[in-house]
Engineer: 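Next up is a structure, given as structure tokens.
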Amino acid sequence: MWAFQTPQTIQQPHLPKPFHNPTAISPKPQCCLALRPSTTTRSNGDSNNNNPLIQSLCKQGNLNQALQVLAQEPNPTQHTYELLILSCTRQNSLPQGINLHCHLIHDGSDQDPFLATKLINMYSELDSIDNARKVFDKTRKRTIYIWNALFRALTLAGHGREVLDLYRRMNRLRVPSDRFTYTYVLKACVASEEFVSLLLNGREIHGHILRHGFEGHVHIMTTLLDMYARFGCVLNASRVFDQMPVKNVVSWSAMIACYSKNGKPFEALELFRKMMLENQDLLPNSVTMVSVLQACAALAALEQGKLMHGYILRRGLDSILPVVSALVTVYARCGNLELGHRVFERMEKRDVVSWNSLISSYGIHGFGRKAIQIFKEMIDQGLSPSPISFVSVLGACSHAGLVEEGKVLFESMVRGHKIFPSVEHYACMVDLLGRANRLDEAAKIIDDMRIEPGPKVWGSLLGSCRIHCNVELAERATSRLFELEPTNAGNYVLLADIYAEAKMWNEVKRVKMLLEARGLQKVPGRSCIEIRRKIYSFMSVDEFNPQIEQLHALLLNLSMEMKEKGYVPDTKVVLYDLDPEEKERIVLGHSEKLAVAFGLINSKKGETIRITKNLRLCEDCHSFTKFISKFANREILVRDVNRFHLFQDGVCSCDDYW
DNA sequence: GTAGGGTTAG
């Protein structure tokens, strides 16, 4: 079977300080300073000399009694200690683990490299990274296992930078890395809570791997590929993938995930097809399918998604929770919320992720109250919300403008669920308040943050400034954003948009020059539509589309007729100081309108037109589509980068709040 | 001499 879920770590309350707390060492007080001479050869793993009583107590899970027996055992063997350490880990008991550690210190067994490794692993599992570090620091004879164990522990705890410092120290001491070392240090590069990138360290380790002849090692190369993927270096990742002499399902899945996660869903589906065609002996597993489903969701490829659903059923992967959660998301993100909900209802078992999928599904469709209701239902069923549950439900509040409800939920995080808000939660709150034109409150949230506000937080504020045209705050946000992510063209464009709306044309010019000087390009708007299982993509400047003339003509006609009925083009998104007609012509050519026109021509009456857009819908496209839905009597469903808009009979499901 | 590693859901 598959082990998908990492065990939930329980936050320990206030814990006794290890080593110097007499209550934790009750059987043998003051032991810590009185070390016996080295005893590492003493037990020699002679399991015959094991204490059978302790063994059976450990098996029963009776740790307390096992520790009491240990206090009377004159000569605990290595194996006895190993069982006890494992038992503490399984019972998730840090105080008992510390108690046990003191026993080991007392008879010098903490210097046994095997047991020291086990202790580090134990502390890592028990979320006590300080103690893991202490074990490492106090061990005099450090095997590669001990180094690796600490690397792993620190990486899991998010201390990537520290791992890399230690790795450098290890190299200076001329301790040779083994195949495990490389996977841990590569993972460390992406396991950093700082905002600085450790990509350079990763590249350096790539060099070490090649120099030491590990380029044929499938585990290491897959980790390397994944590291590049997580930094968004798709080209580097694919180069590693192509050069791998041996590839297995995991390597293929990692590469497919790389494309899915980095905005290349077409490539992800293409690689999946290649995997199926060229490698009959490789069977995609549940992990592969999850990434493939994500690609379908990104493309809103409903028919593709259904095909994958069929394959998943045939392969019997439909009982695996992550797969089903991804299916719920696929259907919802393809615009079919009901189908997603039906998949959810048929699940025999659900975990918090399945619930989160459903909550965010309702959220992106604008059903904020329903999302809150599902969130509460989940808690009623005895599940604890995860940090992502809050991201989902706060996001849902934000889309629906449920400010007070969102504030209450945010308050309940720490008080009710002991979850400390991360940058993502703060970003949700800034978005929630900012969208509702409570920008000062949003800014105050940022000022009061206990952690460093990252680009997500400032980006949320900037987005809200764009909606409500607040130049001053936008300047504050971008001054930070240009430092934090200097190459994100979107931030420059948003600032220029705001200046343009304020008619500060000189400032618009300045930002545009800044953008050019840094060699950045605005991400072009792109809209897609799926007609009879084929996906058509539109951009506003697109001379290659054979139907483009026809689409432009249709749009011009529609616009003239709708203007008579009250449609007023909104041209404030145009960043050039042009005359009004020219501006109108530009917004009429927006990709989303082209897709709408294409949908009107190529689909039957009564069919919903489904469109996806890679950016936020502009004001004019929004009001244009509202008019069209009434004028042409068609239902139009548009997914923009944040949420869904269902246009029916002249109104939008977002209530013009997006 | 023992032990430990890569891809995934929101």
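In what follows, every chain begins at residue 1, and chains take the letters A, B, ... in the order their sequences are listed. Values reported hereafter were calculated over all heavy atoms of this structure, with side chains retained and with hydrogens, waters and symmetry mates removed.
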Engineer: Give the ring-plane orientation class for A/H208 versus A/Y167, where under 30° counts as parallel, over 60° as perpendicular and anything between as tilted.
Structural biologist: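 Ring orientation, 0 to 90° scale: tilted.
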Engineer: So for atom CZ, which belongs to A/R315, do other residues, nucleotides or ligands contribute more than 12 heavy atoms lying within a distance under 6.0 Å?
Structural biologist: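 Enclosed: over 12 neighbouring heavy atoms sit under 6.0 Å from CZ of A/R315.
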Engineer: Any donor-acceptor pair under 3.5 Å joining the side chain of A/T117 to the base of B/dG4?
Structural biologist: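 Between B/dG4 and A/T117, which were checked side chain against base, a qualifying N/O pair under 3.5 Å is absent.
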Engineer: Base, sugar-phosphate alone, or nothing: which one does A/V218 contact when heavy atoms must sit under 4.0 Å apart?
Structural biologist: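 Answer is base: heavy atoms of A/V218 come under 4.0 Å of a base.
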Engineer: Nearest to the side chain of A/N356, heavy atoms from C-beta on, is which of B/dG10, B/dT7, B/dG6?
Structural biologist: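 Closest nucleotide among those given: B/dG10.
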Engineer: Please indicate yes or no: is the ring centre of A/F180 less than 5.5 Å from the centre of the six-membered base ring of B/dG4, with the two planes inclined by under 30 degrees?
Structural biologist: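 Whether judged by distance or by angle, A/F180 passes, so it stacks on the base of B/dG4.
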Engineer: Measuring centre to centre across the rings, with the benzene-like ring taken for any Trp, is A/Y228 within less than 6.0 Å of A/H206?
Structural biologist: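 Close enough - the centres of the two rings lie under 6.0 Å apart.
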Engineer: Measure from the side chain of A/A257, starting at C-beta and using heavy atoms only, and say which of B/dT2, B/dA3, B/dT8 lies closest.
Structural biologist: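 Given the options B/dT2, B/dA3, B/dT8, the side chain of A/A257 is closest to B/dT8.
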Engineer: Among residues 323-336 of chain A, which ones have heavy-atom contacts with DNA chain B below 4.0 Å?
Structural biologist: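 Only A/T329 qualify.
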Engineer: Taking the six-membered ring for Trp, does A/F114 stack with B/dT2 (centroid gap under 5.5 Å, planes within less than 30°)?
Structural biologist: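 Yes, A/F114 stacks on the base of B/dT2.
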Engineer: Side chain of A/H217: nearest nucleotide among B/dG6, B/dA9, B/dG5?
Structural biologist: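 Of the options given, the side chain of A/H217 lies nearest B/dG5.
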Engineer: Base of B/dG6, side chain of A/T222 - is there a donor-acceptor contact under 3.5 Å?
Structural biologist: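 For A/T222, whose side chain was compared with the base of B/dG6, there is a donor-acceptor pair (under 3.5 Å).
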Engineer: By the definition side-chain contact (heavy atoms from CB on, under 4.5 Å), identify the one residue from A/I129, A/I98, A/L150 that meets it with A/Y123.
Structural biologist: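 That would be A/I98.
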Engineer: Taking the cut-offs as 6.0 angstrom to the six-membered ring centre and 45 degrees off its axis, would you call A/K247 and A/F241 a cation-pi pair?
Structural biologist: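 A/K247 over A/F241 ring: yes.
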Engineer: Distance-only, no hydrogens or angles: does the A/Q111 side chain make a donor-acceptor pair with backbone N or O of A/R140 under 3.5 Å?
Structural biologist: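 Confirmed, A/Q111 side chain pairs with A/R140 backbone.
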Engineer: So, does A/R230 get its side chain near the phosphate of B/dT7, meaning an N or O under 4.0 Å from OP1 or OP2?
Structural biologist: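 Indeed, a polar side-chain atom of A/R230 lies that close.
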Engineer: Checking A/N279 side chain against A/D281 main chain: does a donor-acceptor pair fall under 3.5 Å?
Structural biologist: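 No: the side chain of A/N279 does not pair with the backbone of A/D281.
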Engineer: May I ask you to evaluate whether A/K187 reaches the phosphate of B/dT7, defined as a side-chain N or O under 4.0 Å from OP1 or OP2?
Structural biologist: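 A/K187 to B/dT7 OP1/OP2: side-chain N or O found under 4.0 Å.
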Engineer: Which is true for A/K247 with a 4.0 Å heavy-atom rule: it touches a base, it touches only sugar-phosphate, or it touches nothing?
Structural biologist: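 Since no nucleic acid heavy atom lies under 4.0 Å of A/K247, the category is nothing.
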Engineer: If you look at every strand shown and take non-hydrogen atoms under 4.0 Å, does A/S360 touch a base, only sugar-phosphate, or nothing?
Structural biologist: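 Sugar-phosphate, backbone atoms only, no base.
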Engineer: Determine, for A/F344 and A/R350, whether the Lys NZ or Arg CZ falls below 6.0 Å from the six-membered ring centre while staying within 45 degrees of the axis.
Structural biologist: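 Judged by the rule (NZ or CZ under 6.0 Å from the ring centre, within 45° of its axis), A/R350 counts as positioned above A/F344.
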Engineer: Could you check which of B/dG4, B/dA9, B/dT2 has an atom nearest any side-chain atom of A/D351?
Structural biologist: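 Nearest nucleotide to the side chain: B/dA9.
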Engineer: Using a 4.0 Å heavy-atom cut-off, does A/Q294 contact any base of the nucleic acid, only the sugar-phosphate backbone, or nothing at all?
Structural biologist: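 Since only primed, P, OP1 and OP2 atoms lie under 4.0 Å of A/Q294, the category is sugar-phosphate.
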Engineer: Looking at B/dT8, B/dG6, B/dT7, which one has an atom nearest to any side-chain atom of A/N248?
Structural biologist: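 Minimum distance to the A/N248 side chain belongs to B/dG6.
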Engineer: Do any of residues 143-159 of chain A sit with a heavy atom less than 4.0 Å from DNA chain B, and if so which?
Structural biologist: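 Under 4.0 Å from DNA chain B: A/Y145, A/N148, A/R152.
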